[in-house]
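Please read the structure below before turning to the comments.
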Amino acid sequence: MYALISIASGVASGLIGFYVGVGLTALVRVAFGHSPWDAQISITVGYIFGLVGWLMGIGMWGAWGREWFGLPTYARKAPGWQRYFVFNSDHKVIGIQYLVTFVVVFLLAGLLAMVMRAELAQAGNQFLSNDQYNAVMGLHGILMIAVAVAAVIGGIGNYAVPLMIGAQDMAFPRLNALTYWLNPPVALLLLLTPALGGLETGWTAYPPLSVLTENAQLLFNLAIITFGLTSILGGLNFIATIIFLRAPGMTWGRLPIFVWSMFVASWLALLFTQGFAAALLMVLLDRAFGMSFFNAEAGGDPLLYQHVFWFYSHPAVYIMVVPGFGLALELITHFSRKPLFAYKYAVGGLLGILGLSGLVWAHHMFTSGMPNYLHGPFLALTEAISIPTGLIFLSALGTLFMGRLWLKTPMLFAMAVIFNFALGGVTGIFLADVPTDIHLHDTYFVVAHFHYTIVGGEIFALFGAIYYYFPKMTGRMYNETLGKLHFWWMFLGFNVTFFLMHWPGILGMNRRIADYPSSLEGVNLIISIAAFALGASFLVFVYNMVVSWVRGPVAEANPWRARTLEWQTSSPPPIENFPAPPVVRGHPYEYGVPGAVHAIVPTPMPGGAPAGGAK
Amino acid sequence: MARHIVNIVVIWVVLTVLGALVLTLDYLPVIGAEYSEEFDGIFRLLAFMGLPVLTFVFAWVGYSFFAFRQRTGESEGPAWWGRNWVPIAWLAVTASLAITVMIYPGLTGLAKLQADPRGYGWGETGADLVVKVTGFRWSWAFEYPEQGITVNAVQGRELVLPVDATVRFEVNSTDVVHSFWIPAFRMKIDAIPGRTTYMVVKPVATGSYAEDQAFRAQCAELCGLDHSKMVLPVRVVEREEFEAWVQQMKAQ
Ligand SMILES: [Cu+2]
Ligand SMILES: [Cu+2]
């Protein structure tokens, strides 16, 4: 009931806002002698009003907006599972909201990939027309980008970072809730794109094509500008939280490595996201008002977009993968029962990536016709980024060596991150090197490469973290056998699919195509079969998660005997995380050190009950 | 400890040898231009340089998985922090590897590729033949200004080039961004509205799309609806055959 009221009032005031915006646009247009409706302008203005209406209706008005008019604020009450459907400012609730939302989006976008692989199993068009294929491919791309940007940062980051640094919540809890509730409109807009002609440009939305295409592009632009806002606000919130809310004694040198990685990723999000938003805003202005930023005939330049776009979108891969590194190192040290090897070098590696990632964007543009003198510096800087990345490997491999590896499901995923990313890193050299890139650019070699880095690096870390935090989040334990089954199934499916995919790329199969030369048929059929196997592995995951959440065995507070703070409170933690602020005394990774103490934590309160009540 | 290091090194060497055997297989497309060989050489070199890095990580992670496992999670490993020479040595080795690859084959290869300051040329700047390429949704038009002929999807239906002649492509687009790519030549350059881009190629072997599908002018940049169908066959022929083809096209 509470959940229904919350969502319904959000939707209702969102719709009212939309119609108010469309109406106002019509009034102004009629007053100046135009027709009342112009798709670009009316939808844009309607969306802005609708977005504000949705946010106010979902609970921002009660919890925040009333304050602006001197009225007392209130929070919507909702018991049990219904708390996930209201404007809730508890970082643990928001973390789970993010995680569940984006796992659902991940599965949906994965289904789209299955559709694409079915079409690509044979040459020629079997059951998708070219425009349907483009729509499916574009939607798969942008939904997965959203998952990669938001699932680890918004989900695991929100849940774990305040706990790990001994804070009660994020620095700006209401802003955090706002950040989450900006996401449903983004999802809605993207899922509506097939109804308005489908995306034709892929997620990169290069003009002039993106200026000329169907109105699906407009929804895409509005969605991404909104999504960019969530990234920027989230980044700001994490930076403030990590700087100001660390428990006494939690010095920078004692910060868990995942928190460091979140700090770096948040700076990247804060500094670079506006590039993507600005690029798409310019496309929007070109579409709505004929501003001609990218229209060569009117003095614009299509290459301008590519520079602005990649200025964000290269750092974006580090926004995705750096928290993945952080999680992998975090899990590897806990499950190797050994201190994190060369901790300071690993932190230095993360900071090195932060420093270099803004200086390599044009490696996506080696064939774009940009001036020749730009190729050398971007080649060199791109290859230089392998040096700080190498430090992450040093830390991981050094920690594994002579460890006491406790091979639980989360550890398997973390080790797979190192394994997969090694291949993703090596193939990256072929793309950073201009002479090889001019053949390989925009082929399936690139598709294989970035799936190795983003899926192999980040999404594997995400699943490891989901298993790792499952007992903390739900108070219940997942099924270990099914967890391991999911891991091996996914690991094999993933590696067969994407390792083979390099080859058609080398032979001359370009990406983003519904059809390809018939000589490439055999290998594509094998890739498709492996991809279906990969897709099927998630059925095991979903079954395990759902069943364990409802009736898994009750978990201990610290089933992993981990030393970091989030495990020193009950599972799930009480609303204020710790009964009193913990006092940090030592490093979080002092495994094998007799009598080592990370922190003095007051005795956990009975706190939260496991999901569905205690057994 | 030394025993574990020795074991990892043995596995590393074995994996590297096996990988090197795989890399000697013929996995590259047909060689259509002089510069396809340059590409293939650099590709193979990078593959052989990357292989030991990759197998090092695989050997280390794989060996740890089997050799260092425990069942209960109760025992703890040695408290090593890595505050010694190891990270410095690691940094030195990885940095010198990165800088090596950056210089050779990276920047040296680039210098050769960019001998023509306007575009790609692999050491070639002049041209025996100029072909003006125009991309449009969703096909190509090839104009031979010196020969006074134009071919496209209706007329001629293929790009014909003489063997052993240096061809300069001057690439344009009339609508959106396309990318002009011939896989057999290992070169592509984007076709951008409002500016001309250049690519110089010297075909060294005769061949055609009918024999090998790497001989095709493929659009490589997503350009909307029929992007995947934006293909025209390429045929590389002997000089005399080319002249005859030009005459035949003129007659039409
Ligand atoms: Cu990049
Ligand atoms: Cu195209």
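Just the heavy atoms: all of them, side chains too, but no hydrogens, waters or symmetry mates, feed the values below. In the text below, chain A, chain B and the rest are named by the order of the sequence lines, each starting its count at 1. Since we're looking at a predicted model, the values are computed, not measured.
Contact annotation for A:Pro207: only backbone heavy atoms (N, CA, C, O) come within less than 4.5 Å of a heavy atom of chain B. With a threshold of 4.5 angstrom between heavy atoms, B:Ile192 approaches chain A through side-chain atoms but not through N, CA, C or O. Using a 4.5 Å cut-off between heavy atoms, A:Gln132 makes no contact with chain B at all. Contact annotation for A:Thr436: both backbone and side-chain heavy atoms come within less than 4.5 Å of a heavy atom of chain B. The contact between A:Pro517 and chain B is made by backbone and side chain atoms together, counting heavy-atom distances below 4.5 Å. With a 4.5 angstrom heavy-atom cutoff, B:Arg71 touches chain A only via backbone atoms. Contact annotation for B:Tyr120: only side-chain heavy atoms (C-beta onward) come within less than 4.5 Å of a heavy atom of chain A. If you measure heavy-atom distances from B:Met199 to chain A, you find no contacts under 4.5 Å at all. In this structure, the portion of B:Arg118 lying under 4.5 Å from any heavy atom of chain A is its backbone and not its side chain. For B:Glu38, no part lies under 4.5 angstrom from a heavy atom of chain A. Interface residue A:Phe430: backbone and side-chain heavy atoms are both found under 4.5 Å from chain B. With a 4.5 angstrom heavy-atom cutoff, A:Asn134 touches chain B only via side-chain atoms. Heavy atoms closer than 4.5 Å to chain B are found in the side chain of A:Leu303, but not in its backbone. Contacts of B:Thr72 with chain A are made by backbone atoms alone, with heavy-atom separations under 4.5 Å and no side-chain atom involved. In this structure, the portion of A:Leu212 lying under 4.5 Å from any heavy atom of chain B is its side chain and not its backbone. Interface remark: A:Thr427 contributes no atoms to any contact with chain B (heavy atom separation under 4.5 Å).
In this structure, A:Lys344 has no salt bridge (Lys or Arg N to Asp or Glu O under 4.0 Å) partners at least two apart in sequence or on a different chain. Qualifying side chain to side chain donor-acceptor pair (under 3.5 Å) partners for B:Asn7, counting only residues two or more places apart in sequence or in other chains: B:Tyr63.
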side-chain hydrogen bond (donor to acceptor under 3.5 Å, both in side chains) between B:Thr55 and B:Thr16, worked out: CA-CA 6 Å; B:Thr55 51; B:Thr16 308; 2.9 Å; yes
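When each of B:Ala95, B:Ser228, B:Gly194, B:Gly82 is scored by its heavy-atom pairs under 4.5 Å with chain A, the top score falls to B:Ser228. Chosen from B:Gly73, B:Ala220, B:Ala191, B:Ala111, the residue pairing most often with chain A at heavy-atom distances under 4.5 Å is B:Gly73.
Remark: aromatic rings of B:Phe215 and B:Tyr209 are distant, center separation not under 6.0 Å.
A:Phe419 pairs in a ring pair (Phe, Tyr, Trp, His ring centres under 6.0 Å) with only one of the listed residues (A:Phe499, A:Phe491, A:Tyr452), which is A:Phe491.
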